[in-house]
Amino acid sequence: MTHQPFDAAAASAAYNNALQVIASVEPTIAGAIKAELADQRSSLKLIASENYASPATLLTMGNWLSDKYAEGTVGHRFYAGCQNVDTVEQTAADHARELFGAPHAYVQPHSGIDANLVAFWAILAQRIESPTLAEAGAKHVNDLSDEDWIKLRKALGDQKMLGMSLDAGGHLTHGFRPNISGKMFNQHSYGTDPETGLLDYDEVARKAREFKPLILIAGYSAYPRKVDFAKMREIADEVGATLMVDMAHFAGLVAGKVFTGDFDPVPHAHVTTTTTHKSLRGPRGGMVLCQPEYADAVDRGCPMVLGGPLSQTMAAKAVALAEARQPSFQTYAQAVADNAVTLAEGLMKRGVKLVTDGTENHLVLLDVSSYGITGRQAESALLDAGIVTNRNAVPRDPNGAWYTSGVRIGTPALTTRGFGADEFDRVAELIVDVLSSTTPTTTAAGAPSKAKYVLAEGVADKTRAASAEILDKHPLYPGLELS
Ligand SMILES: *Cc1c(COP(=O)(O)O)cnc(C)c1O
């Protein structure tokens, strides 16, 4: 299932003219933009967090909306003359609420990380600030005296968050050290069952009872299964936690009604955050959806952690969300999930070990250790052969987060190109060819290297030729020609 049909002649003219204008100022950049399209067209893009936005979405980002400051919210701006940005933001928020059935949508975050920061501060404000404010007789944090601020800072400190561990597929922004969330929160994590690799809800409940987090966070970037958000909400309610779901990776499956009922996070979570550029296939950006009681706090994202919104990106979010509200997007999302199953089966029947032995979403996590190589070697060898993936730790990974033992692959991008079951089975075959033709080199000490490898002669060329054949049958942006 490809993009909605677009006028290829109009899109070609738009891009050729734009590139001509850019080249007249800085030809290097016009060249890099052209080269990026060529690269994207000619590689098998299996990165689970990437996609191809539609020409309409992409074209919406390059214009004078970018030149407007619009801090604040619709109808309540700190700058004059925001009537067009109001139209843009209102349209994007309306589409988001309708698409996800959410009571409130905040479409200003510039990225997934920003969306999470907005959500964290909104939850802290809602849960911690109010009692402190009431005690101090203040309405808003700005009204607090210095003395009350000290009290508030103490109340904010050492708040607890419980989220999925990194090596089970959680995300850096869910309380891990290299990210500000890991400094803001006292974080504990839940993992997956060592036997099945599946999320163990009893363990989550046990840890939640013990740890009593303010925020229970669910969502992942490398877990290949559905999550039961109704169960997560029950656990959160039992311990008085706010349930925050970060659906950055799988928002497209929610939008496309592949994840419904207990597996749709939006009705169960107090606050849901997402990116808009992964399976949702929109512009690079973020978004927060929430229940009414968190709406005011979420809308203070600017100025709490954001400055002026990227109005051109909010406009592109509106376009992409309008596309996602079409029935064709549901067909696309279902194809993403079906293709992931085909890919998983294609790999397993050829002997590849997958974390959880399968998939229920858009991604598959390969454990490549049986090939005697690390994730890093697999990633590099696959890239040599024109297959773009990323290495990823597997649960309890003996090679750590840098070398890893895993490779994460996903179906959203190639499904946008129109790949179906036959193509994904062939992709599985090509991946296995490369993995089984890759051997680590030996270090001076006689041990296998974790980084260096040899890909058997001819395999890269053969694989590139085989992928070119499939890619040619499913052109990216058919009819779009750059001169
Ligand atoms: C990708 C991702 C993010 C971060 O998104 P950016 O736009 O790169 O900041 C946050 N959370 C999860 C779960 C993700 O997968």
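Note that the structure is predicted; figures quoted are calculated from it, not measured. All ligand and atom numbering here is 1-based and tracks the order in the structure.
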Inset, instruction - Do me a favour and list the nearest non-hydrogen protein atom to atom 13 (C) of ligand 1 with residue, atom name and distance? - result: Asp246 OD2, 3.2 Å
Legend entry - Phe185 six-ring face occupied by Lys160 cation (under 6.0 Å, within 45°): no
Inset, instruction - Would you mind checking if Glu360 and Arg225 are paired as a salt bridge, meaning a charged N to carboxylate O distance below 4.0 Å? - result: yes
Legend entry - side-chain hydrogen bond (donor to acceptor under 3.5 Å, both in side chains): pairs with one or both residues in residues 287-297, sequence neighbours excluded: Thr242-Tyr294
Inset, instruction - Check Asn390, Thr389, Leu363 against Leu46 for a side-chain contact (heavy atoms from CB on, under 4.5 Å) and give me the one that passes. - result: Thr389
Inset, instruction - Hey, can you tell me if Tyr220 and Tyr223 have their rings parallel, tilted or perpendicular (30° and 60° cut-offs)? - result: perpendicular
Inset, instruction - Report, in ascending order of atom number, the atoms of ligand 1 lying under 4.0 Å from any heavy atom of Thr275. - result: 5 (O), 7 (O)
Inset, instruction - Considering heavy atoms of the protein only, find what lies nearest to atom 10 (C) of ligand 1 and give residue, atom and distance to 0.1 Å. - result: His171 CE1, 3.2 Å
Inset, instruction - Work out whether the distance between some heavy atom of Lys278 and some atom of ligand 1 is less than 4.0 Å. - result: yes
Legend entry - Axial cation check for Tyr190 ring with Lys207, 6.0 Å and 45° limits: no
Inset, instruction - Specify side chain, backbone, both or neither for Ser111, according to which of its non-hydrogen atoms lie closer than 4.0 Å to ligand 1. - result: both
Inset, instruction - Any atoms of ligand 1 less than 4.0 Å from a non-hydrogen atom of Tyr220? List them with their elements. - result: 13 (C)
Legend entry - Protein heavy atom at shortest distance from atom 8 (O) of ligand 1: His277 NE2, 4.6 Å
Inset, instruction - Enumerate the atoms of ligand 1 whose separation from the nearest heavy atom of Ile113 is less than 4.0 angstrom. - result: 4 (C), 5 (O), 6 (P), 9 (O)
Inset, instruction - Would you mind checking if Glu50 and Lys45 are paired as a salt bridge, meaning a charged N to carboxylate O distance below 4.0 Å? - result: yes
Legend entry - Exceeds 12 heavy-atom contacts within 6.0 angstrom, atom OH of Tyr69: no
Inset, instruction - Name the closest protein heavy atom to atom 7 (O) of ligand 1, giving the residue it belongs to and the distance to 0.1 Å. - result: Gly112 N, 2.8 Å
Legend entry - Residue Ser221 vicinity, atoms of ligand 1 by number, heavy atom under 4.0 Å: 15 (O)
Inset, instruction - For Ala248, take its heavy atoms, then give the atoms of ligand 1 lying under 4.0 Å from any of them. - result: 2 (C), 11 (N), 12 (C), 13 (C), 14 (C), 15 (O)
